[in-house]
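Have a look at the structure below before the remarks.
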Amino acid sequence: MKTFFDGDGRRPGRRRMAVALLVGTALGLPVGAVLAFGPAAVAESQPAAAPAVAAAAPAQAAPLVTAASGSFAGLVHQVMPGVVNVAITGHEGPAQVADRDGPGPGPHLRPHGGGQAIHGAGSGFIIDPAGYIVTNNHVVKDADEITVTLNDGTVLPAKVIGTDPKTDLALIKVKAGKPLTAVEWGDSDAAQVGDWVMAVGNPYGLGGTVTAGIVSARARDINSNPLEDFLQIDAAINPGNSGGPSFDAGGKVIGINSEIYSPSGGSVGIGFAIPSNLAKSVIAQLREHGSVQRGWLGVQIQQVTPEMAEALGLGTAKGALVAEVQKNSPALKAGLRQGDVILSFGGKPVAQSKDLPRLVAEAPSGTTVPVQVLRDGKPKDLSVGIAVQPKPVES
């Protein structure tokens, strides 16, 4: 679980710190950042412990949580068989060890070749009876071996199907020799502030643990990566919950628990979950291709301030101001210019500059997308042929 808290100037109001059991990295998209998105967050692991096996689900489906029932028991019985513990063993270099080795019990480290051995754990959930499991990239990133503990205590080796550092998602698979109980994706766009949410996971290596709360906010931007659009929840999530699901009151997954904001390293009621509607398309690509291809526009952008909006004749601050158009880019070929304000992309409004990276990333390469810009105080319609995002040049 990645952790943020008030800080030392590395980022306004927040900083990074190695707390016992935690490692956190936040990589922001700066003003004028190129829409070819930044690297992933640093991986972390929670010390492994023998999983606490939850009771097996009843054969008959129990009622789901309702305001009248006042209980989450029916929901727990329905979804618990689809949630798993994910344990890893791996290694890391000496430079990384200093970040992990915070005060307190900390991860269990021992020399291993040129680096240090890691024994860590996180959470995950089954999305297909064939054994496909969703978790966080930072849970499995440094893993040499991965084992999954099912709700009934069965321990199985797992292999990585694909990872996506930019959204901190990973897909792994186990062979159980029988169909497994899977949970269903929900619609995170339908989740409203104030809706019930239930988190299930493996905090501190304790095994199946359930916490409940509400959706506290939507579309949270914590400068972790340019594609983020977090659901903020107040259900307690802690180190080891990474990769575990957050369910709505109907038992559908609406978020993948990934980060917390905390001065202590533990839950203070501010947690962040990757929305299911973002995750579904990423996981589908990982399952089919083992990687994710994203659209590329090729512009540098910055937020439109109220002062800029007034000078540009926008009325209200909205859109993404084009600060630079890259050479040989789809944007250049489509006629986008420095000083244009992108108001919509693919028929969807660009309310803030941070909306554009997600819209571009979701656009399939090879397609033509309508783009509306404000140029010289007047709206102008363009068509952009989306290309595959180029791989970063290794130094």
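The first residue of the sequence shown is numbered 1, and numbering continues consecutively from there.
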- Message: Salt bridge check, K318 against D355: does any charged N sit closer than 4.0 Å to a carboxylate O?
- Response: no

- Item | Note: D128-K173 ion pair, threshold 4.0 Å (strictly below) | no

With hydrophobic residues grouped by side-chain heavy-atom distances under 4.5 Å, do [X] and [Y] end up in a single group?
X	Y	value
V371	V350	yes
W185	V200	yes
V304	V322	no
L314	L336	no
L343	L297	no

- Query: Given I88 and E145, is the side chain to side chain contact (heavy atoms under 4.5 Å, CB included) satisfied, shown in steps?
  - Reply: CA-CA 6 Å; I88 68 105; E145 295 181 2; over 6 Å; no

Looking only at non-hydrogen atoms, find the nearest pair between [X] and [Y] and report the distance.
X	Y	result
L312	L374	O-CD2, 3.6 Å
A235	G213	CB-N, 3.7 Å
N241	G201	ND2-CA, 3.5 Å
S353	Q303	OG-OE1, 2.7 Å
M80	V210	CE-CG2, 3.4 Å
S188	I254	CB-O, 3.4 Å

- Mind checking what makes ring-ring contact (aromatic ring centres under 6.0 Å, His included) contact with F345, not counting sequence neighbours? none

- Message: side chain to side chain contact (heavy atoms under 4.5 Å, CB included), that's the test. Do V134 and L171 meet it? Break it down for me.
- Response: CA-CA 5 Å; V134 174; L171 183 66; 4.2 Å; yes

- Test log, rule side chain to side chain donor-acceptor pair (under 3.5 Å), inputs T89 and D144: CA-CA 6 Å; T89 58; D144 294 327; 6.0 Å; no

- Item | CZ/R375: more than 12 non-hydrogen atoms of other groups inside 6.0 Å | yes

When rounded to the nearest 0.5 angstrom, what distance separates [atom1] in [X] from [atom2] in [Y]?
X	Y	atom1	atom2	answer
I237	I270	CD1	CD1	11.0 Å
S329	W296	OG	CH2	5.5 Å
F272	S216	CZ	OG	9.0 Å
T135	N257	OG1	CG	10.5 Å
I172	Y132	CD1	OH	12.5 Å
I133	L180	CD1	CG	7.0 Å

- Task: Apply side chain to side chain contact (heavy atoms under 4.5 Å, CB included) to the pair R294 and D164, showing each step before the final yes or no.
- Result: CA-CA 11 Å; R294 293 188 167 88; D164 183 43; 2.4 Å; yes

- Message: Evaluate I342 against L356 for side chain to side chain contact (heavy atoms under 4.5 Å, CB included), listing each step before the verdict.
- Response: CA-CA 8 Å; I342 299 175; L356 188 60; 3.7 Å; yes

Counting distance only, does the side-chain N/O of [X] pair as donor-acceptor with the main-chain N or O of [Y] below 3.5 Å?
X	Y	result
S276	G255	no
E324	Q300	no
S344	G347	no
S383	T368	no
Q285	Q293	yes
N136	H138	no

Answer whether the closest heavy-atom distance between the side chains of [X] and [Y] falls below 4.5 Å.
X	Y	answer
V155	V148	no
V360	P357	no
I127	I283	yes
P239	Y204	yes
D195	D248	no
I214	D234	yes
V174	I146	no
L321	M308	yes

- Task: Run the numbers on D168 and S258 for side chain to side chain donor-acceptor pair (under 3.5 Å), then give the verdict.
- Result: CA-CA 8 Å; D168 194 22; S258 180; 3.0 Å; yes

- Item | Residues forming a side-chain contact (heavy atoms from CB on, under 4.5 Å) with A190, sequence neighbours excluded | D187

- Message: For K348, give me all partners under side-chain contact (heavy atoms from CB on, under 4.5 Å), at least two apart in sequence or on another chain.
- Response: L359, E362

- Query: Are the aromatic rings of F247 and W196 close, with centres under 6.0 Å apart?
  - Reply: no

